[in-house]
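One structure below.
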Amino acid sequence: MGTMLSLQKVTKIYPGAGHIKAVDELSFDLEEGEICTVVGPSGCGKTTAMKMINRLISITSGKIIIDGKDIARLNTIELRRSIGYVIQNIGLFPNMTIGENIAIIPKLLKWDKAKTDEKVLRLLEIVNLDPDEFRDRYPKELSGGQQQRIGVARAMAGDPPIMLMDEPFGAIDPINRAHLQNEFLKVQEKVKKTVIFVTHDIDEAIKMGDKICLLKDGHLVQFASPEQMLTHPKNDFVADFVGGDRTLKRLNLFTVKRAMKDNPPTIHQDETIETAQNVFMKTNTRYLIAVDSDGKLTGMIDKEKLNDETGKVKDLVSPTNAWLMAHASLKDGLSEIFSHEYGFLIVVDDNKKVLGWLHTQDIKETLKG
Amino acid sequence: MTTRILFHLIKRLVPVLLTICFIVWLYTFYGAWDYTIKNIAEFFKLIIEHFILVIISMFCAVIVGVTLGTIMTRKSMEKMSPVIMAVVNVWQSVPSLGVLALAYGFLPLIGLSGIGMVPALIALFFHAVAPIVRNTYAGIKSVSKDVIEAATGMGMTKKQILFQIELPNAMPVIAGGVRTSTAIIVGTAPLAFLIGGGGLGFWIFTGIALVDMGIMMAGAVPVALIAMLFDYCLGVSEKFLVSRGVRTDEIELA
């Protein structure tokens, strides 16, 4: 993992307009496979900074190095073909089918048909759209969210090491936006692109970024990981921009799995109630988590509702929805804890197998670091 | 599904068939059929002249119109295009007969004959080129900026953007211009006879002058059928040229 993208004192001065520096000596390095969110108030130069990387906007002074090569020496067209580009308004080509849209860059790169078709198929699967259903449809027949998925797929089609994304989810409603963000992060785990992600939304910047580049009036104010920026904002502007609730925002940076405690008090649902009583004595808790023989969650039993009856645990189990997937954010975890009476939350994996449990105390400890 | 298609066909075919029946009835009623059979050699000469007038002027108008319209959208032409557009618009407002008269009067001034097929072709061409220029320009200009930005950012060259993105997306609008032009040319072509351009207008005007309905119908009916034929051909070619992704309902129904 080396430096993939390096900006060195990159400056943009637009002619006229009093020689205001739209971007002023911006420098930062990005490792291969990192997402860098570029964020700041409107007019801070974030889009200008991004567009200089694929030379849609010319650089006034400074250097941009991609994978060891100064982009000023590369052919503009070839440079752009090696960089994935996603814009806010998507810009799918209306005259082409979804399949043709995705195949644009492979075609420009003169891949053979079999390789291109294979790539289109794989990308549609990656962005969760059924290839047989969507390949031959036209952009106007898709919803905004679906269109932007195609926009992302199209940008990845030429296997670019770098992707530029200009407020890619900005025009999409909040529910779909969260969905697309999560999907993109999942895709990113597989493809490990180096991504410049421009946004004006600090929450999105925190959620999507491995690094955040915070700009103001063309200056770099702070370049740091989201965790660092939230715990150690460089100055009042950063503190203000990330918001007074920055401790709560940090909850988004951790998964439930990271904060949970292992070995929750569980009991097999086929055990007798007598055994359950013994376990209650030992663990000194009010609730036991009932599991089946695969370790999957079946429900909860309450000490107070136990009586002298003999029988199986199974008969007394009450179903519960006080559980979350291990990859959910701590923010969701905290919210779930407060919405149930148990005082804790069961953490499960994708198959609903019990992995651990989570208390507010665990969250506090995680935030302390 | 099949019943829907059948119903659709009936809806479209019935009015066409009724119109054709009416025209053919007029044709036979006034004895145009007999006149045509008697003068079959002249009929073929006139109809060939008529097709030459329409097809050549149409062909030139499309080539020149699309090219000029496209050039006007290029960045280097930004300042010139309003001027060209103004000229084109004024030109289009001149009535068909006026264009022919202008050709008749103007061409001798630059040393060309004002009479015959060439002046007629020139007049028809100039009259038909305007809507195509205008629609090509408007069509390309209306392609979304985002689409162009995405294409540029992805590394398409200017030429690739023009041929793969701009023109295909402007195609419904360009096709609309071509339809307008065809209507103008098909409608004006019979007048070409007035400046010696030949074509079926000869029989129409002769019929009018002699107050002979038969001769007039022998010219007018083929002219009407030719107009319908051209419109149909255009509709079919639009289906091939205009991508389903940018098709409007109007073309879908045509």
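Chain identifiers are assigned alphabetically (A, B, ...) following the order of the sequence lines, protein sequences preceding nucleic acid strands; residue numbering begins at 1 within each chain. Side chains are part of it too, since the values below use all heavy atoms of this structure and drop only hydrogens, waters and symmetry mates.
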Proximity breakdown for [X] and chain B, heavy-atom pairs closer than 4.5 Å:
X: A:D136; result: backbone
X: A:P94; result: both
X: A:I90; result: backbone
X: A:L92; result: backbone
X: A:N89; result: both
X: A:E78; result: neither

Contact leader toward chain A among B:P168, B:S243, B:A150, B:G153, where contacts are heavy-atom pairs under 4.5 Å |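 Between B:P168, B:S243, B:A150, B:G153, the count favours B:G153.
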Top contributor to chain A contacts, counting heavy-atom pairs under 4.5 Å, from B:Q160, B:M154, B:Q164, B:E149 = B:M154
Measure the [atom1]-[atom2] distance between [X] and [Y] for me, rounded to the nearest 0.5 Å.
X: B:S144; Y: A:F93; atom1: OG; atom2: CZ; result: 10.0 Å
X: A:I77; Y: B:M156; atom1: CD1; atom2: CE; result: 10.0 Å
X: B:T157; Y: A:R80; atom1: OG1; atom2: CZ; result: 10.5 Å

Is there a side-chain contact between B:R244 and A:K140, using heavy atoms and a 4.5 Å cut-off?
-> no
CD1/A:I175: more than 12 non-hydrogen atoms of other groups inside 6.0 Å =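 No, because the 6.0 Å sphere around CD1 of A:I175 holds 12 heavy atoms or fewer from other groups.
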How about B:F126: does its CZ atom have over 12 heavy atoms from other parts shown lying under 6.0 Å from it?
-> no
So, for A:Y138 and B:G245, which heavy atoms are closest and what is the spacing to 0.1 Å?
->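 Looking at all heavy atoms of both residues, the closest pair is CD2-CA, 3.1 Å.
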Which is it for A:I87 and B:D146 under the side chain to side chain contact (heavy atoms under 4.5 Å, CB included) test, yes or no, and what are the steps along the way?
-> CA-CA 8 Å; A:I87 58 175; B:D146 301 316; 4.0 Å; yes
Mind running side chain to side chain contact (heavy atoms under 4.5 Å, CB included) on B:M171 and A:N95 for me, showing each step along the way?
-> CA-CA 9 Å; B:M171 202 51 92; A:N95 58 315; over 6 Å; no
Is there a donor-acceptor contact under 3.5 Å from the side chain of A:N54 to the main chain of B:G155?
-> no
